[in-house]
Amino acid sequence: MRTSETSDMDSFAGVREQPIGSDAVPLSSVRHAVRRFRSAQRSVTALNDVSIDVFEGECVALIGGSGSGKSTLGGIMLGLDHVEEGSVEYRSMPVCGIRSAGYQALRKESGLVLQNPFDSLNPRWMVERIVREPLDIQDRSLSRDERTSRVCDAIRSVGLDPAEFVDRYPMDLSGGQAQRIAIARAIVNIPTLLVADEPMSAIDVNARVTILDTFASIRRRHPSMAMLFISHDLGVVQHIADRIVVLHDGEVCESGDAQRILNHPGSSYTKALIAAASWQKS
Ligand code: ADP
Ligand code: MG
């Protein structure tokens, strides 16, 4: 029978080897997750017995090739998809269905940045309304002026000038600017858990460094915010991740301290990912 935190599996799963304190409780915890997708033609096991913890204030990079299960795991962690076996908890509360306590807390306390920024930007709205909408939905206690000030703060914290951007439409933004506005929207609530799913993959190469700098600066501004940073490219995460979890064919093949994995990869799959990384280690 499988138990939770103390199972043998945890020493090589995506679970922190040395908790930050004896009383450290993960903010988000996925245990022994199994998720399959079935169609008339085929059945795919997207996740097979995957365990991962994310603690407050840390950035965990979830790395793996296309189809390895990264987006599925990110969605499951946020309660946007379900597990068939295993469990998902947020702040030690179950995340299973929209009525669950964990899901309700996640709706208020999480943010999601997608690969294609235009997927989260309503083309008919100006930037001010796009960034403000999560506050309108979730934080009715704020006055209109307070909301406007929070919107401007969020736009400034992604390195853009609110005066220049609030009345633009998405079509007037470059890909890099649109992604920064999508990040501003995701952080306007100051989430406790931010999931970014390949946030740089659809952005042209020149703007990628700016996007990465934006995430690094958000971490400095909000040190208790936890991040799950999903990427197929190990080179991208080396400057931002505290921990790396490598997924391969729906299973955790390696996890641990980011510098240790980059300097001493344990699996041949991770070695191949490092060799393929777009940015050389420095
Ligand atoms: P990644 O984000 O690492 O590229 P995904 O989590 O998107 O991988 O997908 C993992 C596997 O699950 C892939 O084989 C993918 O085709 C399959 N998959 C993901 N979502 C669905 C879905 N909604 N329906 C059918 N298959 C899916
Ligand atoms: Mg994906």
Side-chain angles (χ1 to χ4, degrees), residues 1-37 44-65 67-97 100-103 105-106 109-110 112 192-197 226-232 234 237 241-258 260-261 265-267 269-270 273:
M1 195 187 99
R2 284 168 178 162
T3 57
S4 58
E5 274 83 349
T6 53
S7 79
D8 293 336
M9 166 83 193
D10 292 354
S11 58
F12 57 90
V15 177
R16 188 183 219 132
E17 292 109 348
Q18 294 172 320
I20 41 183
S22 55
D23 58 349
V25 174
L27 183 66
S28 172
S29 180
V30 176
R31 283 285 181 280
H32 306 296
V34 176
R35 178 71 170 105
R36 296 183 198 90
F37 294 102
V44 174
T45 304
L47 296 176
N48 185 21
D49 199 5
V50 168
S51 297
I52 181 171
D53 283 340
V54 179
F55 288 80
E56 209 171 274
E58 71 166 349
C59 177
V60 177
L62 185 59
I63 301 293
S68 57
K70 306 181 297 295
S71 296
T72 302
L73 183 55
I76 280 171
M77 198 176 263
L78 290 175
L80 305 174
D81 190 9
H82 65 278
V83 292
E84 283 152 287
E85 291 171 36
S87 64
V88 186
E89 289 187 346
Y90 178 72
R91 292 193 185 281
S92 305
M93 298 180 284
V95 180
C96 52
S100 62
Y103 180 84
L106 273 166
E109 297 179 16
S110 66
L112 174 62
T192 313
L193 174 64
L194 182 65
V195 174
D197 190 352
M227 272 188 202
L228 182 73
F229 195 100
I230 297 175
S231 177
H232 64 276
L234 251 177
V237 304
D242 301 309
R243 258 186 329 129
I244 290 175
V245 176
V246 182
L247 270 188
H248 181 39
D249 283 345
E251 297 186 6
V252 174
C253 81
E254 182 163 8
S255 79
D257 175 76
R260 180 181 68 72
I261 290 199
S267 77
Y269 183 69
T270 310
L273 287 179

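Treat the numbers as computed from the prediction; the structure is a model and nothing was measured.
Taking all atoms of both residues into account, the shortest heavy-atom contact from S231 to V237 is CB-CG1, 4.0 Å. Heavy atoms only, all atoms of each residue included: E56 and A226 are closest at CA-CB, 4.3 Å. Here the closest heavy-atom approach between residue T72 and residue A46 is recorded as OG1-CB, 4.0 Å. The shortest heavy-atom contact between H32 and S51 is N-OG, 2.9 Å. R36 and T45 get closest at one heavy-atom pair: CG-OG1, 3.8 Å. Summarising the geometry of Y103 relative to G97, their closest heavy-atom pair is CB-O, 3.4 Å, with the distance given to 0.1 Å.
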Q: Decide side-chain contact (heavy atoms from CB on, under 4.5 Å) for S68 and H248; before the verdict, give the C-alpha distance in whole Å, the side-chain angles of both, and the deciding distance to 0.1 Å.
A: CA-CA 5 Å; S68 57; H248 181 39; 5.6 Å; no

Q.
Before you tell me yes or no, could you show the steps for V25 and S92 under side-chain contact (heavy atoms from CB on, under 4.5 Å), namely the whole-Å CA-CA distance, both residues' side-chain angles and the distance that decides it to 0.1 Å?
A. CA-CA 8 Å; V25 174; S92 305; 3.4 Å; yes

Q: Apply side-chain contact (heavy atoms from CB on, under 4.5 Å) to D249 and Y269, showing your working.
A: CA-CA 11 Å; D249 283 345; Y269 183 69; over 6 Å; no

Q: With side-chain contact (heavy atoms from CB on, under 4.5 Å) as the test, would you mind laying out the steps for V246 and L234 before giving the verdict?
A: CA-CA 9 Å; V246 182; L234 251 177; 5.6 Å; no

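By the 4.5 Å heavy-atom criterion applied to side chains, L47 and V83 are not counted as neighbours. In this structure, the side chains of F55 and D242 stay at 4.5 Å or more apart for every pair of heavy atoms. The closest side-chain heavy-atom distance from L112 to L80 is below 4.5 Å. Side-chain contact between V60 and V245: present, with at least one pair of heavy atoms (C-beta onward) separated by less than 4.5 Å. Between R91 and L27 there is a side-chain heavy-atom pair separated by less than 4.5 Å.
Remark: the backbone N or O of Y90 is not paired with any side-chain donor or acceptor of S28 at under 3.5 angstrom. Formation of a donor-acceptor pair under 3.5 Å by the K70 side chain with backbone atoms of L62 is not found in this model. Using a distance-only test at 3.5 Å, with no hydrogens or angles considered, no donor-acceptor pair links the side chain of E254 to the main chain of P265.
Atom OG1 of T270 and atom CD1 of I244 lie 8.5 Å apart (nearest 0.5 Å). From R243, atom CZ reaches atom CZ of F229 across 16.0 Å, with rounding to the nearest 0.5 Å. To the nearest 0.5 angstrom, L228 atom CG is 5.0 Å from M77 atom CE. If you take CG on L194 and SG on C59, they are separated by 9.0 Å, rounding to the nearest 0.5 Å. Taking CG of D53 as the reference point, atom OG of S29 lies at 4.0 Å (rounded to 0.5 Å). Interatomic distance, CG of L106 versus OG of S100, reported as 8.0 Å (0.5 Å rounding).
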